[in-house]
Amino acid sequence: MSIPWFSYEALPGVWVGFTDTTHGNLAFHVNDDPLRVSSNRAALENDLAVLSGSTEPVTLAYMNQVHGSAVAIVDGTPTQETVSGVPTGPTADAMLSRSTSLAVMVADCVPVVLVGSDIAGRAVLAVAHAGRPGVEKKVIAAIVRQLRAAGAVKIQAWIGPSVCGRCYEVPHAMRSAVAAVEATAFATTSWGTPSLDLPAAVTAQLRSLDVLVDNVGVCTLEHPEFFSHRRALRDGEEEGRFIGFVTLTSPSF
């Protein structure tokens, strides 16, 4: 068994966490061998079942992420939709469920996993993919709005590894445009050029919506134990994606 890089039991039977390169590339869209990706996903799901002490298998629902703000409601068995023969899920950048374990793929963007509970104490699960476009399009507000609509009266979010403000260099105009939406995104690289601090921006957006936030992340560009799109382009490394996850193994509690 490989233990995820970070894992935490948020509620009885509800686990949140983030993987690293130990579990391999978990994305089909980065020119990896589909059989290897499927094997990586299956091994991770087995490890998550062992981690949670579940006697039932864990099956993660994935999204076809497009840097937008659409939210998909996923319940029951995850769909087995395909694009060009490759498994995919709903086209969205956030998902919500009361009964299905969820995953969000990243390699520099901010992965967010959320757990809400209604007045009866029942869990509502969610994930969000919050890159630079997602911050501008307010994907965080969209998923929190759906959590509230689903009855969540208390919500906690965990922010995972992503590129930091010291490293995420962008043009002046792009920094200004994002900062106009969320001022805390405005940053400067360690070498003095314009940058964006996406983890700070996502934290601010969550807190403005009365969501408790735990940022457990580190910089993906600085830490090679995580896949980084920017580092892959810079150093010629193999592309890959790790995930944030929220699993439900005791749906009857």
Side-chain angles (χ1 to χ4, degrees), residues 1-10 13-63 65 78 86-89 95 100-115 125-131 157-164 167-168 198-199 202 214-249:
M1 173 187 174
S2 295
I3 299 173
W5 175 79
F6 172 82
S7 58
Y8 175 73
E9 191 172 21
V14 177
W15 286 78
V16 299
F18 303 94
T19 66
D20 58 12
T21 56
T22 301
H23 279 98
N25 167 46
L26 299 168
F28 287 103
H29 67 281
V30 294
N31 298 318
D32 200 349
D33 180 350
L35 293 178
R36 181 167 67 171
V37 177
S38 294
S39 178
N40 289 343
R41 287 189 177 189
L44 170 61
E45 290 177 342
N46 181 68
D47 288 344
L48 293 178
V50 174
L51 172 71
S52 62
S54 175
T55 57
E56 299 294 328
V58 170
T59 301
L60 293 168
Y62 289 80
M63 298 177 282
Q65 299 168 191
V86 173
T88 185
M95 289 190 292
T100 303
S101 299
L102 307 173
V104 52
M105 298 181 291
V106 289
D108 285 337
C109 293
V110 182
V112 186
V113 294
L114 306 98
V115 177
L125 317 180
V127 294
H129 168 234
W158 289 261
I159 294 175
S162 63
V163 66
C164 74
C167 297
Y168 186 20
L198 296 182
V202 171
D214 189 357
N215 185 346
V216 301
V218 296
C219 179
T220 47
L221 192 60
E222 296 175 336
H223 290 262
E225 64 267 34
F226 298 99
F227 293 110
S228 166
H229 175 64
R230 287 201 159 211
R231 194 176 61 246
L233 292 176
R234 184 190 68 190
D235 299 342
E237 293 182 0
E238 184 177 352
E239 284 273 17
R241 298 292 185 271
F242 65 96
I243 68 163
F245 62 84
V246 54
T247 66
L248 180 62
T249 57

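No experiment lies behind these values; they were computed from the predicted model shown.
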| task | Could you tell me how the ring of F226 sits relative to the ring of H223: parallel (under 30°), tilted (30 to 60°) or perpendicular (over 60°)? | result | perpendicular

Mind checking whether [X] and [Y] have side chains closer than 4.5 Å, heavy atoms only?
| X | Y | value |
| --- | --- | --- |
| W15 | V246 | no |
| P161 | F242 | yes |
| L44 | L26 | yes |
| V115 | V16 | yes |
| F245 | L48 | yes |
| V106 | R241 | no |
| S162 | Y168 | no |
| T247 | V14 | no |

| field | Intermediate values then yes/no, side-chain contact (heavy atoms from CB on, under 4.5 Å), V127 and L114 | value | CA-CA 6 Å; V127 294; L114 306 98; 5.7 Å; no

| field | N40 side chain to H23 side chain, donor-acceptor N/O pair below 3.5 angstrom | value | no

Measure the [atom1]-[atom2] distance between [X] and [Y] for me, rounded to the nearest 0.5 Å.
| X | Y | atom1 | atom2 | value |
| --- | --- | --- | --- | --- |
| L102 | I243 | CG | CD1 | 10.0 Å |
| Y8 | D214 | OH | CG | 8.0 Å |
| D108 | R231 | CG | CZ | 8.0 Å |
| H129 | M63 | NE2 | CE | 7.5 Å |
| H229 | C109 | NE2 | SG | 9.0 Å |
| F28 | S38 | CZ | OG | 3.5 Å |

| side-chain contact (heavy atoms from CB on, under 4.5 Å) assessment of V202 paired with V112 | CA-CA 9 Å; V202 171; V112 186; 3.8 Å; yes

Is the backbone of [Y] close enough, under 3.5 Å, to the side chain of [X] for a donor and an acceptor to pair up by distance?
| X | Y | result |
| --- | --- | --- |
| E9 | G13 | yes |
| T21 | E225 | yes |
| S7 | P4 | no |
| S39 | L35 | no |
| D235 | E237 | no |
| D47 | S2 | yes |
| E56 | T249 | no |
| T220 | F227 | no |
| E45 | L60 | yes |

Minimum heavy-atom distance [X]-[Y], with the two atoms named:
| X | Y | answer |
| --- | --- | --- |
| P199 | I159 | O-CD1, 4.2 Å |
| W5 | G217 | CH2-CA, 4.5 Å |
| V216 | G160 | CG2-CA, 4.4 Å |

| message | Applying side-chain contact (heavy atoms from CB on, under 4.5 Å) to T100 and M95, what does each step give before you reach the verdict? | response | CA-CA 10 Å; T100 303; M95 289 190 292; over 6 Å; no

| request: Just do the salt bridge (Lys or Arg N to Asp or Glu O under 4.0 Å) check on E238 and R36 with the steps written out, would you? | output: CA-CA 14 Å; E238 184 177 352; R36 181 167 67 171; 2.9 Å; yes

| cation_pi(R41, Y62) dist<6.0 Å, angle<=45 | yes

